[in-house]
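The next block holds one structure in the form of structure tokens; read it before the comments.
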Amino acid sequence: MKSITSPSPVIGIKDVARAAGVAPATVSRALGKGPISDALREQVMEAVRATGYRPNLAARRLRSQESGTIGLMVADIANPFFTGVARAVEHAAFEAGLRVILCDSDRDPAREASYLQLMQAERVTGLIMAPTRATAQRLAGMALDVPTVLIDRAGPPGLFDSVLLDNAEAASSLVDHLVANGHTRITGLFGETSDTGRARAEGYAAAMARHGLSPDARFIPAATPPEQVALAALRDGPPGALLAANSLQLLGALRATREAGLRVPGDLALCGFDNEPWTELVEPGLTVIEQPLEEIGRGAMRLLFDRLRDPEAPVRKVMLSGRRVVRGSTAAR
């Protein structure tokens, strides 16, 4: 596990007051919904966003026992990655005597915004979320009043604790394995709107370049069945290997190989991400990157508890490595 601590200055109410040109007491009233004009409140909130100050409301809630709930927002509950992480978060919360509110944004920023309002209305103690790209880009200006830990996608540098997989390294590891087994024509399947997919595509392309090979990255538009893109790649002239960026795409790639009448690994090597039970049961077994789902979920909870204990601590970014599980689908040529 690689833990990267990003330097983050400690911002207090006095810093906000200095930036807004008001007294600290005015900042306290603005943040506490006290008697203050709308114009002055907005002036203070602009300073909050500019300085990156995060009001310590959640820690006060925890001390006063106003909430015993953790909010968990995932991007796609149908994706086994999020199912596994959610299970780990729920177990850790239960052990700490906390409940979990689970929301599935379905990668829809509008739905995500609605759920964020719900989390605030429910006065959750803390929030763990896998934000959409659109929301991740807006996080710096949202002034969330809840301690928040990000998973799967990093937010603005230095603002939020996060637990991530080293996606580029993982994809590169699969390419290295395929090349070592004699495969040189390797096509990659990646989600077009997924930052995770983009990171894996970058790792794939870098590894292909390192081996002196030409990349063939195919990006899957949102709501397009992965097998449709995989089948098109196979019909363009079958590559020697297919690399899929998540388990749903891997399943789609497997369906495409069967529709095209290709044998794995006789005609085509196949590998991807997520060590789901079916990947071992499908003959001859699929080579995958196993993500540390338990560690991601529990690691996010640890960061959240640490943030509640010390709201002014430096922001932490924990980067984890996947484990390559080699099976028969990528046998040497």
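- Residue-environment remark: CG (D310) exceeds the threshold of 12 foreign heavy atoms within 6.0 Å.
- D195 and R198 are not joined by a salt bridge, as no carboxylate oxygen comes within less than 4.0 angstrom of a charged side-chain nitrogen.
- When only modelled atom types and interatomic distance are considered, N275 and R324 share no side-chain donor-acceptor pair under 3.5 Å.
- A salt bridge links R298 with E294; the closest basic N to acidic carboxylate O contact falls under 4.0 Å.
- We find that R185 and D216 are not joined by a salt bridge, their nearest charged nitrogen and carboxylate oxygen being 4.0 Å or further apart.
- Salt-bridge check for E112 with R153: failed, with every basic side-chain N at 4.0 Å or more from each acidic carboxylate O.
- The side-chain tip of R87 does not point at the ring of F82 from less than 6.0 angstrom away and within 45° of straight on.
- Ion pairing between a basic and an acidic side chain is recognised when a charged N comes within 4.0 Å of a carboxylate O; R218 and D236 show such pairing.
- Side-chain contact between Y204 and I186 is present, with heavy atoms from C-beta onward closer than 4.5 Å.
- In this structure the side chain of I101 never reaches within 4.5 angstrom of the side chain of L72, judged on heavy atoms.
- Partners of S172 under the side chain to side chain donor-acceptor pair (under 3.5 Å) rule, at least two apart in sequence or in another chain, are R210.
- Looking at F190 and S194, their side chains never come closer than 4.5 Å, going by heavy atoms from C-beta outward.
- For the pair R200 and F273, the cation sits on the ring face: its NZ or CZ lies under 6.0 Å from the ring centre, inside 45° of the axis.
- Of the listed residues (T69, V149, T148), just one forms a side chain to side chain contact (heavy atoms under 4.5 Å, CB included) with L127, and that residue is T148.
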